[in-house]
Each structure stands twice: as C-alpha cells, then as structure tokens.
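Report on one structure; see the data block that follows.
Order of listing sets the numbers, starting from 1, for every ligand and every atom in it. One-based numbering along the sequence shown.
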Amino acid sequence: MRRKSKSVLGIEGTAWNLSAAIVDQSRIVASAESPYHPTYGGLHPRAAAQHHASQIERVIRDVLAEGERAEISAVAFSIGPGFGPCLRTVATAARALSLSLNVPLIGVNHCIAHIEIGRWLCNVKDPVILYVSGANSQVLSYRDGKYRIFGETLDIGIGNALDKFGRYAGFQHPGGPKIEETAKNAKHYIPLTYVVKGMDFSFSGLTTAAKDALAHASLEDVCYSFQETAFAMLVEVTERALAHTGKEDILLTGGVGANTRLKEMLNTMCQDRDAKFFAPDKEFMKDNGAMIAYTGLLMLESGATLPVENSAVRPNYRPDEVEIGWR
Ligand code: AMP
Ligand code: MG
C-alpha cells in the first residue's frame with residue numbers, strides 16, 4: 001500500500017472568515033469556509049464569535065468529509081493576533097478535535113501564516129513582505145531565525161482605515177472592494193494627509209482627512225485619492241526595506257492585497273529597482289484555513305507542537321515573537 005503523506009487540518013477564525021483546510025506535503029487537500037459579513041456597521045468581536053460558534057461544526061464536518069482519505073497528523077489553529085472572543089471559539093474547537101483525533105495541537109501566528117502560504121504558492125524564498133489586512137499592516141523580512149518588522153502602522157491597519165471611511169461614505173462592510181471600484185471613475189487627485197515616520201506609517205489622520213474631503217469633493221475623487229495616498233505610503237516603506245536588506249523579491253499578502261491598484265504600484269516600484277513582485281491568488285491573500293494548515297505542517301515538521309494546557313490564545317501576538325524553526 002502507498003504510504004500516505006502527512007496532513008494537517010488548520011482552522012482560521014481570528015476575525016471575519018471562519019475557515020478550515022487540510023494540507024499535505026504537496027497540496028491543499030480540502031477546504032471549507034463560512035465568512036461573516038455584518039449587515040450593519042463594522043465587525044463586532046462578539047457578533048463574529050457567535051457566528052463562528054454557530055458555524056464551526058459544519059465547517060469542520062465539511063472539510064473532514066472532503067478530505068476523507070487524508071490521515072490527519074495534527075490540528076493547527078490561529079492562536080493570535082485577533083479578536084479575543086473569536087480566537088477562544090476557534091481554540092476550543094481545535095483543542096477538542098486534537099483530543100478526539102489523538103493528534104498534536106499547533107498554535108499558529110496568523111501573520112506568519114499569511115507569509116508562509118504566499119512563499120509556498122509563489123515559490124519565493126526570501127522576500128521583503130508587505131502584509132496588509134484589516135487590523136494589521138506591516139513590512140517584514142526574515143533574518144536570523146525570525147521575521148523582523150521593518151515598518152508597521154502606528155494606529156489602525158489599512159483595511160480598517162478603508163472600511164471605516166467606506167462606512168462613513170455609505171458602503172456596507174467591507175468597504176475596501178467598493179472603494180476600489182468607485183475610485184475607477186475619479187477625475188482628480190486631492191492631496192490628503194500622508195504620514196510616514198521613519199519606517200512606520202499611520203492611517204487614522206488620512207481617514208479623517210478623507211471624510212472631511214467629502215464635504216467639497218466627489219466620492220469618486222476621494223476614494224481614488226485615499227487609495228493613492230495610502231498605497232504610496234506602503235510602497236515607500238516597502239521600497240526602503242528592499243534597499244536596506246538588499247533583497248530582490250517582494251511578496252504581497254493580506255486581504256487588501258486583492259487591490260489591483262496596490263499591485264500595480266508595487267509592480268512599478270519593483271520594475272524601477274529590478275526586483276521581482278509576487279502575489280498569490282486573492283483567495284490565499286485574504287484570511288483562509290489553508291494558510292493555517294500549511295504553516296501548521298511546517299511547525300509540525302520542526303517539532304513546534306503545543307500542549308493543550310499551554311494553548312491559551314494570544315490576541316496581541318506579534319509575528320516577530322515567533323521562533324522560525326523551519327527556515
Ligand atoms: P484580511 O483580514 O486579511 O482577510 O483582510 C480583510 C480586509 O481586506 C478588509 O479590510 C477589506 O476591506 C480588505 N479588502 C478586501 N478586498 C479589497 C480590495 N479589493 N481593495 C482594498 N481592500 C480590500
Ligand atoms: Mg489576516
């Protein structure tokens with residue numbers, strides 16, 4: 001009989017996308033998800049956690065049914081960063097599953113998972129990473145056993161900034177994709193607050209400036225100017241990290257990475273510097289179960305499993321705290 005490849009079941013649920021996947025050493029074997037989209041307002045941690053609690057049994061059943069032939073070697077879950085109530089809901093399910101299958105438990109840092117799935121799917125070894133999602137915005141790169149943060153937001157993540165402005169402008173959550181669509185019909189660029197301090201950036205002043213600008217400019221022009229200003233800040237810092245590290249590749253990840261204009265601006269910068277630009281399919285840039293399962297597999301192979309009694313969630317877990325034992 002052919003020997004089965006090691007498989008890990010991973011569960012993601014730090015914020016909006018409750019999702020699970022099974023990954024083996026060569027491919028994504030199965031996946032299932034239940035995204036939470038509020039009908040009114042933004043993401044409320046308790047409401048999102050209630051959604052996750054009501055859907056997690058179905059999501060796990062679906063992924064196990066689709067991956068019925070996989071032999072699960074470990075259960076991985078996103079242990080942080082994220083909303084406390086959401087993290088605890090997912091962690092409880094992951095612990096129960098690991099105990100019932102009698103396999104090890106693995107606590108995955110959500111940001112590291114965004115990076116590792118991108119490196120895997122794009123086949124890029126040692127990039128400078130621009131990680132842009134709802135709550136997080138960071139420029140990172142690997143050195144000496146850790147992903148180091150070269151620059152990050154001083155206040156809110158770029159996705160949150162887009163979503164907050166979007167809600168004010170009358171878009172339903174999440175605003176990011178609607179802002180991108182609306183920006184395509186702009187006629188003018190309006191200067192807005194541009195904040196880069198050292199290698200860090202900030203988005204809350206820009207969000208306020210964009211809200212104020214709606215009093216005298218069209219929605220299309222403000223959406224366009226918001227994107228141009230925010231993305232220029234991100235590209236500036238990413239370019240400086242590239243120059244500083246002397247690396248030759250850029251990897252984009254996180255839900256905001258779906259944005260075509262951001263990819264275009266990064267691509268232009270890369271062409272100017274003779275660097276290569278990589279971005280996985282948007283299904284794997286947004287929050288997804290496969291990134292947790294795949295990083296879980298890397299961690300399993302490097303021995304980074306977690307006793308249940310030490311598996312408390314870490315809502316503020318930073319990616320530069322993680323010892324990278326697999327590189
Ligand atoms: P994540 O938490 O990584 O799944 O990212 C979610 C964030 O991505 C939300 O803030 C969305 O508004 C944002 N987002 C998704 N698609 C786009 C897009 N096309 N342009 C800008 N932001 C987007
Ligand atoms: Mg994320």
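In terms of protein heavy atoms, atom 22 (N) of ligand 1 is closest to Gly176 CA, 3.5 Å. Regarding atom 19 (N) of ligand 1, its nearest protein heavy-atom neighbour is Glu180 OE1, 2.8 Å. Here the protein heavy atom with the shortest distance to atom 14 (N) of ligand 1 is Gly255 O, 3.6 Å. Atom 4 (O) of ligand 1 has as its closest protein heavy atom Trp16 NE1, 2.9 Å. Val256 CG2, 3.8 Å is the protein heavy atom nearest to atom 13 (C) of ligand 1. Of the protein's non-hydrogen atoms, the one nearest atom 1 (P) of ligand 1 is Asp287 OD1, 3.5 Å. Protein heavy atom in closest approach to atom 9 (C) of ligand 1: Asp163 OD2, 3.5 Å. In this structure, the protein non-hydrogen atom closest to atom 20 (N) of ligand 1 is Asn259 ND2, 3.0 Å.
When side chains are defined from C-beta on, Glu12 does not count as touching Val90, because their heavy atoms never get closer than 4.5 Å.
Between Glu301 and Lys6 there is no salt bridge, since no side-chain N of the basic residue sits under 4.0 Å from a carboxylate O of the acidic one. Under a 4.0 Å N-O distance rule, the pair Arg119/Glu116 qualifies as a salt bridge.
Contact annotation: Cys111 places no N, O or S atom under 2.8 Å from the Mg ion (ligand 2).
Shown in contact with Gly134 at under 4.0 Å from a heavy atom are these atoms of ligand 1, numbered in order with element: 2 (O), 5 (O), 6 (C), 7 (C), 10 (O).
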